[in-house]
Protein chains: 2
Amino acid sequence: MEQQETLGPVENAVGYVLKQAAVALRNAMDLALRPLHLTVPQYACLELLGQRPGLSNAELARGVFVTRQSMNVVLRGLDERGLVTRAAVAPHGRELPTELTTAGREHLDAASAAVLAVQTTMCAGLTPARQQALLETLAVCIRNLNDGS
Amino acid sequence: MEQQETLGPVENAVGYVLKQAAVALRNAMDLALRPLHLTVPQYACLELLGQRPGLSNAELARGVFVTRQSMNVVLRGLDERGLVTRAAVAPHGRELPTELTTAGREHLDAASAAVLAVQTTMCAGLTPARQQALLETLAVCIRNLNDGS
DNA sequence: TGCTCCATGTCAGTATCCTGACATACAGTG
DNA sequence: CACTGTATGTCAGGATACTGACATGGAGCA
């Protein structure tokens with residue numbers, strides 16, 4: 001009796017609930033970021049750059065879980081709006097380090113607050129221990145999935 | 001000190017890890033379903049129909065977390081492949097109940113086994129209690145997010 | 001009955017993200 | 001040095017999902 005042989009009702013499937021949570025979170029973030037005219041990938045890009053300035057396109061793509069091509073479009077949009085600056089020449093290889101501008105930093109601060117509010121809403125009623133357990137359990141799932149591929 | 005005022009490193013943000021897990025699961029399912037020539041939404045549609053025959057397009061869309069329009073395309077593809085049948089006339093309102101064909105049921109059985117394998121891989125090393133805790137915690141998050149919108 | 005409101009199925013257009021492909025730049029190895 | 005392998009940035013094309021819109025069918029109410 002080490003493993004069930006059917007998934008059971010979708011409502012009880014881990015994968016189903018995981019997707020449902022991801023969709024709900026995505027929608028909530030979209031809503032929160034709309035006043036700032038930022039999409040979720042755009043925000044994620046800014047947040048990553050705020051924490052680790054000088055990241056390249058490919059590194060940002062991996063961090064945001066999109067392809068290099070998609071991140072390229074995001075970065076171009078942010079560049080045109082003056083929120084980030086990309087180095088004109090590559091200091092190493094073909095990598096073009098990107099950094100936040102002052103305007104980008106201001107946008108990020110506002111967006112970060114909005115997203116924090118969403119996360120706070122999401123985790124309402126959860127003890128810190130339970131949040132930590134959620135993080136750790138998800139980390140195990142991620143590791144299990146990525147090891148197999 | 002009831003709430004932190006910054007998100008902290010993205011690696012520790014619940015939303016970030018949640019998205020990461022969802023992406024990893026999506027990729028793993030795509031890989032597992034590829035031999036059967038099924039996409040994740042197509043599989044989700046079949047699974048839902050297997051558990052609750054006669055669902056309408058709109059009901060399926062809500063269950064799979066896509067729009068009616070997207071589900072319409074999915075359903076049309078499955079219909080052309082002979083995996084599902086849609087009622088020609090609406091027995092009530094405009095709803096066109098959909099059901100699995102024999103071929104659809106066979107496809108579903110194979111797909112369900114593949115997805116179960118993925119879920120088993122994902123949850124490897126997690127005690128039933130921990131899986132249950134994950135489900136319950138995610139349910140709280142979903143409720144919190146949906147109440148606010 | 002007539003009116004309003006809501007849900008459904010569908011068409012059209014747009015946006016987003018992906019896969020495939022190519023040239024370039026560096027590291028490692030003979 | 002030359003060669004191979006890997007990683008990056010970018011272009012082109014296609015797949016997928018979305019928003020907006022419309023017509024239809026039913027429920028509720030005066």
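Because the structure is a prediction, the values reported are computed rather than measured. Chain A is the first sequence line, chain B the second, and so forth, proteins listed ahead of strands; every chain is numbered from 1.
Between A:S70 and the phosphate of C:dC18, there is a side-chain N or O to OP1/OP2 separation shorter than 4.0 Å. Using a 4.0 Å cut-off, no side-chain N or O of A:N57 falls inside it from OP1 or OP2 of D:dT8. Not one side-chain nitrogen or oxygen of A:R86 sits closer than 4.0 Å to the OP1 or OP2 atom of D:dT8. For D:dC18, one of the phosphate oxygens OP1 or OP2 lies less than 4.0 angstrom from a side-chain nitrogen or oxygen of B:T67.
A side chain to side chain contact (heavy atoms under 4.5 Å, CB included) with A:L138 is found for exactly one of A:L134, A:L135, A:V140, namely A:L134.
Summarising the geometry, the separation between CG on A:L75 and P on D:dG9 is reported as 9 Å, rounded to the nearest angstrom. Atom pair B:N72:CG and D:dC22:P shows a separation of 19 Å (rounding to whole Å applied). When rounded to the nearest whole Å, the span between CG of A:N27 and P of D:dA17 equals 15 Å. Atom-to-atom, CZ of A:F65 to P of C:dC18 comes out at 12 Å; the value is rounded to the nearest Å. Rounding to whole angstrom units, CD of residue B:Q69 and P of D:dC22 are separated by 14 Å. Per the geometry, CE belonging to B:M71 stands 13 Å off C1' belonging to D:dT16, to the nearest Å. Atom CZ of A:R34 is separated from atom C1' of D:dC18 by 11 Å (rounded to the nearest Å). Nucleotide D:dT16 holds its P atom 19 Å from the OH atom of B:Y43, rounded to whole Å.
Atom CZ of A:R143 is surrounded by 12 or fewer heavy atoms from other residues, nucleotides or ligands within 6.0 Å. Few gaps surround CZ on A:R86; more than 12 heavy atoms of other groups in view lie less than 6.0 Å from it.
Looking only at distances, a side-chain donor or acceptor of B:Y16 sits under 3.5 Å from a matching main-chain atom of A:G63. At least one donor-acceptor pair closer than 3.5 Å links the side chain of A:E59 to the backbone N or O of A:S56.
A donor-acceptor contact under 3.5 angstrom links the side chains of A:Y43 and A:E47, judged on distance only. With 3.5 Å as the limit, one finds a donor-acceptor pair spanning the side chains of A:R76 and A:N72.
Remark on DNA chain C: of its neighbouring residues B:L96 and A:G93, the 5'-side contact belongs to B:L96, judged by nearest-heavy-atom nucleotide. Toward the 5′ end of DNA chain C lies the nearest nucleotide of A:R26, the other residue of the pair A:H92 and A:R26 mapping further downstream.
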Pairs under 3.5 angstrom, nitrogen or oxygen only, protein versus nucleotides 2-7 of chain D, please.
none

